[in-house]
Each structure stands twice: as structure tokens, then as C-alpha cells.
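Scroll down for the structure; my scribbles are underneath it.
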2 protein chains.
Amino acid sequence: MANGSTKEKILDAAERLFARSGFHSTSLRTITTEAGVNLAAVNYHFGSKDALIGEIFRRRLKKLNGQRIKGLEKVRKEAAERKTRPDLEATIRAFIAPSLPLLRSEQGTCFITIVARAIMDPNQQVRQIFLREMKDVLALFFDTLQSALPHLPQDALFSRLQFMLGIMGHTMFNAGKPSWNPLKLEQETGIDILFERMISFVKAGMEAPLE
Amino acid sequence: MANGSTKEKILDAAERLFARSGFHSTSLRTITTEAGVNLAAVNYHFGSKDALIGEIFRRRLKKLNGQRIKGLEKVRKEAAERKTRPDLEATIRAFIAPSLPLLRSEQGTCFITIVARAIMDPNQQVRQIFLREMKDVLALFFDTLQSALPHLPQDALFSRLQFMLGIMGHTMFNAGKPSWNPLKLEQETGIDILFERMISFVKAGMEAPLE
DNA sequence: GAATGAATAAAACGATCGTTTAAAAAGGTC
DNA sequence: GACCTTTTTAAACGATCGTTTTATTCATTC
């Protein structure tokens with residue numbers, strides 16, 4: 001897919017507009033106008049609006065989850081060489097860190113916004129498109145977590161993994177957006193500080209004692 | 001508002017259908033058909049579709065946040081009498097616990113689903129309607145947390161509060177729904193167990209050391 | 001029981017949606 | 001330069017949306 005091609009112009013425009021107004025409220029006419037292409041181009045190149053949505057996820061998640069898998073396998077390899085358990089914090093970082101660069105670009109932030117919404121989207125197709133793309137990396141992440149926290153029962157660990165996904169979705173969705181601000185904190189918290197806070201919170205939660 | 005009145009029939013039907021298909025994908029025709037009333041009834045009784053959405057939040061959040069405030073004030077009073085800091089776990093429980101009964105009824109679960117979506121809704125009006133209803137209780141919760149964790153800087157605590165909201169939204173949205181299941185855990189985790197896990201995770205995260 | 005206002009009902013309005021069609025333009029091959 | 005495929009364009013299709021209008025029914029009050 002050539003850079004600047006019609007397909008890419010559509011994908012970029014759709015990414016921005018879906019982030020701003022959601023899947024259902026963004027019309028193909030708005031997308032094609034923003035992209036500077038003809039209305040019929042979406043159905044010609046992608047087949048349908050749903051297929052376009054799927055392609056938006058596929059395009060970014062392939063690289064993103066590839067980095068996650070590479071990071072997780074590095075953690076596992078190092079643990080095997082040291083004959084220890086995988087380091088918990090390193091495991092968490094391997095999953096979270098690759099998403100940080102996305103939040104440094106406007107276009108990447110749009111994608112994050114879309115992902116956060118897709119998890120709770122009413123349209124089941126949207127959720128399944130996203131889940132299919134995440135299945136492998138989530139399985140590897142869960143497995144590594146289990147090795148790092150061998151005393152935790154599987155279903156308790158699964159709950160805690162879900163907690164972490166909830167934190168990530170909510171935090172990254174709100175990053176850079178004006179949201180509820182209880183005491184009008186002057187300076188916006190930077191992304192890097194936010195990520196460090198997220199990691200220390202999740203790490204402590206993962207290590208919390210069982211009732 | 002009388003029980004079984006047209007307004008209530010519309011609110012109940014809309015709550016179910018919004019949870020199933022989202023705000024934008026649920027038409028007034030579907031709602032009024034499910035409610036067994038005339039199409040024009042929504043605009044007559046509520047003014048517009050957006051106003052109906054707002055009323056759905058108001059109806060439940062008034063009671064829900066009332067219970068939260070009552071619980072939080074009890075925690076604060078007990079701390080004042082004992083001349084100690086508010087108990088962290090009790091503070092967290094006071095905020096989370098009132099939402100548990102909702103998850104025990106089908107209709108209440110629909111409301112939870114709607115709330116979780118509203119937080120990330122593309123429509124700014126939807127988000128603001130929800131935020132306005134939550135502002136007071138969030139401020140009181142933040143203030144109590146600050147008393148319970150006086151060593152934490154305000155902005156760090158604020159981040160952790162956001163993490164907790166992310167956990168709540170994600171967890172309660174997924175409760176009772178089929179979602180990603182890595183190892184096909186046979187039995188579904190009960191709501192009560194899930195809440196206890198949530199509380200211990202959040203408590204540990206709140207108490208995590210600062211970098 | 002007539003009068004007044006609230007509630008319900010049926011029908012239509014204008015607008016917008018995703019998709020399809022058919023023709024024109026562009027690109028590549030021999 | 002003719003031929004074929006790919007891509008772009010303009011126009012239309014059928015369906016559905018939130019809302020409004022107008023008329024009718026219901027309930028209440030004097």
C-alpha cells in the first residue's frame with residue numbers, strides 16, 4: 001500500500017474522524033471529503049464501511065502487537081537464562097510500553113481513542129475484529145504473568161489482567177483530552193509520568209495479597 | 001413519576017435497548033415499539049432523544065450517588081470520632097459497593113453498560129450529562145482519599161483515582177458478558193468475588209510506593 | 001355534562017445514511 | 001495506437017432517522 005495512495009488517505013481520514021465522532025456517527029461522505037477522494041472509493045477499495053473499520057485496526061495492531069510479543073519473549077528468554085521467574089515489572093512494561101509512541105503523535109492518539117471505544121462498542125463485529133487481532137498477544141502476556149506470579153490462581157490473575165486492561169483503556173483514552181479535573185491542577189501530567197504511575201499502580205495491584 | 005407510566009415504560013425500554021445497541025444505533029421507533037407506546041411520546045414527554053438519554057442517567061445516579069455520599073460521610077465521621085485518618089479500604093468500598101446491587105438485576109446491568117459507554121462516548125453532550133451528575137460525589141471521594149493517603153501528592157492521587165475508575169468501568173461492563181477468555185475457565189466468576197478482587201487490587205495500587 | 005388541558009395517535013416532513021450503478025478517465029501491455 | 005484492466009467520478013437508489021404537525025381521545029374541574 002503506497003504512501004499517499006487513495007487507500008491510505010481514506011484510512012488516515014477515517015482514523016481521525018472515527019476518533020472525533022465515533023464509528024456510527026461518521027459518514028462515508030465525511031470521510032471521503034476529508035480524504036479528498038470520491039464517495040464510492042470506500043466501497044471500491046474496502047468493500048464496506050465495516051471492512052474499513054477492520055482495516056484500521058489491522059494496520060496498526062500488527063506492528064503494535066508485534067513489538068509487544070518481541071518484548072515479552074525477551075523477558076521470558078532472560079528469565080530462562082537466569083533460571084528465575086520473569087520479572088513482573090518488565091512483563092508489564094513489555095505490554096504497555098509499545099503503545100507510548102502512539103500517544104506522541106496526533107494520528108496515533110486518534111487510533112488509541114478508537115481502540116478504547118472498540119472494547120465497549122455496541123457493534124459486536126467491531127469488538128470481535130479487535131479481539132481477533134489481540135488474542136495471541138493477550139495469551140502470551142497472560143502466560144508470562146502466570147510465570148511471574150505462580151502463587152496466584154488462574155482466575156484471580158485473569159481478573160487482575162482485566163483490571164489492567166481497564167486502566168490502560170481509560171487512561172490512554174483520557175490522555176491529552178480535557179476531562180474531569182477536581183482541583184484544577186495547573187499543569188497537565190505528561191505522558192511519561194502517567195505511564196510510570198500506571199506501571200507502579202498495576203504492579204502493586206498484581207502483587208496484592210489474596211483475601 | 002408513576003410506576004408503569006408512559007415515561008417509565010420509555011425509560012426502561014430505552015435503558016435495555018441502549019445497552020444492547022448503543023445510543024446512536026437505537027432508534028426512537030425501536031424504543032417506542034418495545035415500550036408499547038406511540039412514536040411521538042418520546043418527544044412529547046422528554047423533548048428530544050438527547051434529553052431522554054440525560055433522564056436515564058439522572059434517574060439512577062441520583063440514588064446511586066446518594067448512597068455513595070452517605071457511605072463516604074460515614075467513613076469520614078468515624079475517622080473524625082476516632083481521630084484517625086479515614087480507612088482506605090472503607091473509603092474505596094463506600095464508592096464501589098452501591099453499584100453492586102445494580103449488577104444483580106438485568107435492568108440494572110443495562111444501566112451499568114450504558115454508564116461504561118457514556119464515559120467514552122463520542123458525543124460530548126452525553127459525556128457532560130454524565131459528568132455533571134458525578135461531579136459532587138467524585139469531589140467528595142477524592143477529598144476522602146486524600147485524607148486517607150496524606151503523603152500522596154494531589155496529582156499522583158488523581159491519576160490513581162482515574163485508574164480506579166478505569167477498572168470499575170471495564171470490569172462492570174464485562175460482568176455477565178461473554179468476553180475474551182484465555183483458558184476457557186469453566187465457571188464464571190461471581191460478582192461478589194469479582195468485587196472483592198477489585199477492591200484488593202485497587203487498595204494495593206493506591207498504597208503503591210512512589211517512584 | 002360542557003369545557004379545558006394533558007396525553008395519545010397517525011401521518012408526513014426533510015435530511016442523511018451505506019451502497020450500487022454506469023459512464024468516464026487513467027494506467028499498463030503488446 | 002489499440003486493447004484491457006484498474007481506478008475515479010457523478011448520480012441515483014432505497015431505507016431509516018429525529019422531529020413536527022394535526023387530529024383525536026382521555027381525564028379533570030367547575
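All values below come from the heavy atoms of this structure, side chains included, with hydrogens, waters and symmetry mates left out. Chain A is the first sequence line, chain B the second, and so forth, proteins listed ahead of strands; every chain is numbered from 1.
Using a 4.0 Å cut-off, no side-chain N or O of A/Ser27 falls inside it from OP1 or OP2 of C/dT16.
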Trace of the side chain to side chain contact (heavy atoms under 4.5 Å, CB included) decision for B/Leu165 with B/Leu161: CA-CA 6 Å; B/Leu165 295 179; B/Leu161 168 53; 4.2 Å; yes
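Rounded to an integer number of Å, the gap from CG of A/Asp50 to C1' of C/dC17 is 14 Å. Rounding to whole angstrom units, NZ of residue A/Lys7 and C1' of D/dT6 are separated by 13 Å. Spacing between atom CZ of A/Phe46 and atom P of D/dT7 amounts to 12 Å, rounded to whole angstrom units. A/Asn43 has its CG atom 16 Å from the P atom of C/dA22, to the nearest Å. Distance, B/Leu39 CG to C/dA10 C1': 10 Å, rounded to whole Å. Distance, A/Lys9 NZ to D/dT7 C1': 12 Å, rounded to whole Å. A/Leu28 places its CG atom 6 Å from the C1' atom of C/dG18, with the value rounded to the nearest Å.
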Atom pairs under 3.5 Å: protein N/O with N/O of nucleotides 4-7 of chain C:
| from | atom 1 | to | atom 2 | distance (Å) |
| --- | --- | --- | --- | --- |
| C/dA7 | OP2 | B/Tyr44 | OH | 3.2 |

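A salt bridge links B/Glu55 with B/Arg58: the distance from a Lys NZ or Arg NE/NH1/NH2 to an Asp or Glu carboxylate oxygen falls below 4.0 Å. Salt bridge A/Asp192/A/Arg104: present, at least one basic N to carboxylate O contact under 4.0 Å. Using a 4.0 Å cut-off between charged side-chain N and carboxylate O, A/Lys203 and A/Asp87 make no salt bridge.
Using a 4.0 Å heavy-atom cutoff across all strands shown, B/Ala40 reaches at least one base atom of the nucleic acid. Residue A/Thr26 is classed as a sugar-phosphate contact, given heavy-atom separations below 4.0 Å to backbone atoms only.
Candidate nucleotides C/dG18, D/dT9, C/dA9 were compared by shortest atom distance to the side chain of A/Asn38, and D/dT9 ranks first. Picking from C/dG18, D/dA10, C/dA10 the nucleotide with the shortest atom distance to the side chain of A/Lys49 gives C/dG18.
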